[in-house]
Trainee: 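Just passing along the structure, written as structure tokens.
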Protein chains: 2
Amino acid sequence: MFSVDNFFSFSPMKSRSTLKHIAEHLHLSISTVSRALKDHPDIAAHTKQKVRELAELIEYEPNAFAIQLRTNASKVIGVIVPEISGYFYHAFIAGLEDEARSWGYSLMILQSGNDPETESANLRLCRMNRAAGILVAAASGTTDLSPFDRTDAAGIPVVFFDKVPESRQFPKVSMADAEAGFLSADTLISKGRKNILALFGDHALSITRKRLKAFQGTFQRHAPDSRLTIRHARSQQESRQITFDAICLEEYDAVFAMSDEILAGAMKAILQRRLRIPDDIGVLAISTGLIPSLYEPEISYIETSGEKLGKRSFEILHKCMSKAAPHGEFLVPATFIEKGSL
Amino acid sequence: MFSVDNFFSFSPMKSRSTLKHIAEHLHLSISTVSRALKDHPDIAAHTKQKVRELAELIEYEPNAFAIQLRTNASKVIGVIVPEISGYFYHAFIAGLEDEARSWGYSLMILQSGNDPETESANLRLCRMNRAAGILVAAASGTTDLSPFDRTDAAGIPVVFFDKVPESRQFPKVSMADAEAGFLSADTLISKGRKNILALFGDHALSITRKRLKAFQGTFQRHAPDSRLTIRHARSQQESRQITFDAICLEEYDAVFAMSDEILAGAMKAILQRRLRIPDDIGVLAISTGLIPSLYEPEISYIETSGEKLGKRSFEILHKCMSKAAPHGEFLVPATFIEKGSL
DNA sequence: AACATTATCGCAAACCTTTGCAATAAAGTT
DNA sequence: AACTTTATTGCAAAGGTTTGCGATAATGTT
């Protein structure tokens, strides 16, 4: 019938493997070829056979651009994060990619660098590429939500995660911060820790306030006689300094760190003072899990899994994309992972 | 002339802002509008003015699909890595994104999970999406390079990074492993360490062999009287066990870890034995930088920066995309970062 | 006044695929 | 024999943009 050679002699390889070429060499119409390849019932079995054979032979691969133009939809999900690196987002992205791939979607990753302007430009990119949906961890400076409105109006669902704005307009998925705070306090109480240095992040951040509120509330309710020393740190260095000063001044039962960054700082101070864990001092953190696994003994922690958040976020976004618009805020539960530090 | 209202009354917002609509409402042809928007000299100044105004008013955003179909090229770079998370790749991706964005490119991130089949599928995805170029950290099981050939034949440049195959066909960019090995040895020697426990990864990996060879060679040449204990570990746990056993049996000057994972294991053993750094024992690692910064004192390390590798990789790929095909292997230099552990 | 130049702009094809509908031929039904 | 079904395939439009070339009118040149 035909060989690879004489096919290619007609059209030299150069990505010229289109429906049209298959059609020409089989003396069929483009539409027939198109239907044959997607197993349309209208097409005769022997025709399908021939088409499939040639398609395989010349390694036909559909042109995504044409399909996307025709259907005006892509299988790409835009992801906008302040930074890819750092303690948290890469885990999120990994989990998200896993889930997305199993549904046939790919990820388009954009960093905002915490700059609302870049964020807006990235959003525009997603619109131009007709992303199927967008996941956003808002830049800390973002107050104007109109760029997101525009995206939403263009029919591209937007779901916020982790750093979510106040607005109730968009679906949001975040860690169960209150639960994590509660669980932290509960764990410390049940381990009999009474005199605790509790390190939190920037008080301006809602995540800090949520965790702190639940943490304090739980102590007041279930162990009002405990001694709680609350401190706030805005960086690893600050956390270290605060911890060091504190443990030099006084003996604590335990140190609690509300995040990986804070934990890293606190651990430095503890290592510097050469305190024994858990005998001299107990340690508990809210964490993604990597950092706690680096010490000896490993640090017990309340897990706020980036992977899980990623998977969950995709689920919510996926619902949004299939017209069944969910609404409100969704929480990824926190769980206690026991290691040897308490 | 016209108002927003009566424009929208004609065509209700629904992402219907195309060149065609601008043309109709301005009684111009599509081509004129297209040219006006890209400041083509053929178009009269006042026409450009009007077009731009309306375009802005209705928030015109070009349809990327149509452009890509027309030009058969996208501004997307495919990135295939074994895993996004882990000690290294997220830093790479972050650096790459930074550089790519400044050139107007976006990233499409795919995980292979170290599975050659998934890798091949991801490659196909990149082809279908006519990626402008592809960066690949090969899955460890990948031996058949034909999927990459096919991509290359389709006119999409492929550049390998980090995990690079033996083949000399594709450009490769990787860390200067030999240099890192040399630098490590040199640093240990110049700090006067004589009895060293040196921990390396899986000997089957080329990265291990390169670093080890340079490391050993340097000692033989510059400090042949040193006592080197070489050990191989395939995981954090193994590294820890090996280190623990070793430092229980004998007193070492220093511990050297050839990677973050190995370092993490070694540090656990050191912490467990409560050895003082750097007095009881010195520590040096080849690392990305995050892990060493978590201990007290921070660990000195030879930096193999994922960010830098990302930026460099983009540069090489960028050259490939502009027909100036570079060739061979490119190395990102390693530098010594001094902290307090030696 | 006849011609050449310049400034603007529109036509139409091309990129590749999908899909409603029409067309054709073969087979079955009365 | 006239008719309806069924099976198979093709036509053509649509999706939005880019671009070579042709068209028109206005201006400049001899």
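Because the structure is a prediction, the values reported are computed rather than measured. All chains are named by letter (A, B, ...) in the order of the sequence lines, taking the proteins before the strands, and each is independently numbered beginning at 1.
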Trainee: Considering only heavy atoms, which members of residues 61-69 of chain B lie under 4.0 Å from some atom of DNA chain D?
Mentor: B:Pro62, B:Asn63, B:Ala66, B:Ile67
Trainee: So, is B:Lys38 near the phosphate of D:dT18, with a side-chain N or O under 4.0 Å from OP1 or OP2?
Mentor: yes
Trainee: Rounded to whole angstrom units, what separation is found between the NZ atom of A:Lys20 and the C1' atom of C:dT18?
Mentor: 16 Å
Trainee: Could you check how far CZ of A:Arg70 sits from C1' of C:dC15, rounded to whole Å?
Mentor: 15 Å
Trainee: CG of B:Leu19 versus C1' of C:dC11: gap in Å, rounded?
Mentor: 16 Å
Trainee: Once you round it to whole Å, what is the distance between C1' of D:dT18 and OH of B:Tyr60?
Mentor: 11 Å
Trainee: Could you tell me which residues satisfy side chain to side chain donor-acceptor pair (under 3.5 Å) with B:Ser112, sequence neighbours excluded, listed by chain and number?
Mentor: none
Trainee: Using the test salt bridge (charged side-chain N to carboxylate O under 4.0 Å, His left out), find all partners of A:Arg70 that sit at least two apart in sequence or belong to another chain.
Mentor: none
Trainee: Identify every side-chain donor-acceptor pair in residues 117-125 of chain B under 3.5 Å, counting partners at least two apart or on other chains, and give the distances.
Mentor:
unit_1, atom_1, unit_2, atom_2, d
B:Thr118, OG1, B:Asp115, OD2, 2.7
B:Glu119, OE1, B:Thr142, OG1, 2.6
B:Glu119, OE2, B:Ala139, N, 2.7
B:Asn122, ND2, B:Gln111, O, 3.0
B:Asn122, ND2, B:Thr118, O, 3.4

Trainee: Going by atom types alone, do B:Ser34 and B:Ser31 pair a side-chain donor with an acceptor below 3.5 Å?
Mentor: no
Trainee: Can you find a side chain N or O atom of A:Ser34 that sits less than 4.0 Å from OP1 or OP2 on C:dT17?
Mentor: no
Trainee: Testing the 3.5 Å rule here: is there a donor-acceptor pair between the side chains of A:Ser174 and A:Glu329?
Mentor: yes
Trainee: Taking salt bridge (charged side-chain N to carboxylate O under 4.0 Å, His left out) as the test, write out the residues that go with A:Glu97, two or more places apart.
Mentor: A:Arg101
Trainee: A:Lys75: which residues meet the side-chain contact (heavy atoms from CB on, under 4.5 Å) condition with it, sequence neighbours left out?
Mentor: A:Tyr105
Trainee: Quick one: which residue pairs count as a ring pair (Phe, Tyr, Trp, His ring centres under 6.0 Å) with a foot in residues 31-82 of chain B, not counting sequence neighbours?
Mentor: none
Trainee: Once side-chain contact (heavy atoms from CB on, under 4.5 Å) is applied, do any residues pair with A:Ser140, and if so which ones, sequence neighbours excluded?
Mentor: A:Asn114
Trainee: Figure out the CG/P separation between B:Leu37 and D:dG16, and round it to whole Å.
Mentor: 16 Å
Trainee: Below 3.5 Å between N/O atoms, which protein atoms pair up with nucleotides 9-12 of chain D? Just atom names and distances, please.
Mentor:
unit_1, atom_1, unit_2, atom_2, d
D:dT9, OP1, A:Thr47, OG1, 2.8
D:dT9, OP2, A:Ala44, N, 2.9
D:dT9, OP2, A:Thr47, OG1, 3.2
D:dG10, OP1, A:Ser29, N, 3.3
D:dG10, OP2, A:Ser29, N, 2.7
D:dG10, OP2, A:Ser29, OG, 2.9
D:dG10, OP2, A:Thr32, OG1, 2.4
D:dG10, O6, A:Arg35, NH1, 3.0
D:dC11, N4, A:Ser31, OG, 2.9

Trainee: I need the CZ-P distance between B:Arg127 and C:dC16, as an integer number of Å.
Mentor: 17 Å
Trainee: Report for the helix from C:dA1-D:dT30 to C:dT30-D:dA1: angle between first-end and last-end helix axes, five pairs each, rounded to 10 degrees.
Mentor: 60°
Trainee: Can you name the residues that form a side-chain contact (heavy atoms from CB on, under 4.5 Å) with A:Lys319, not counting sequence neighbours?
Mentor: A:Pro326
Trainee: Got a list of side-chain donor-acceptor pairs under 3.5 Å for residues 158-170 of chain A, not counting sequence neighbours?
Mentor:
unit_1, atom_1, unit_2, atom_2, d
A:Asp162, OD2, A:Tyr89, OH, 2.8
A:Ser167, OG, A:Gln169, N, 3.0
A:Gln169, NE2, A:Asp149, OD1, 2.7

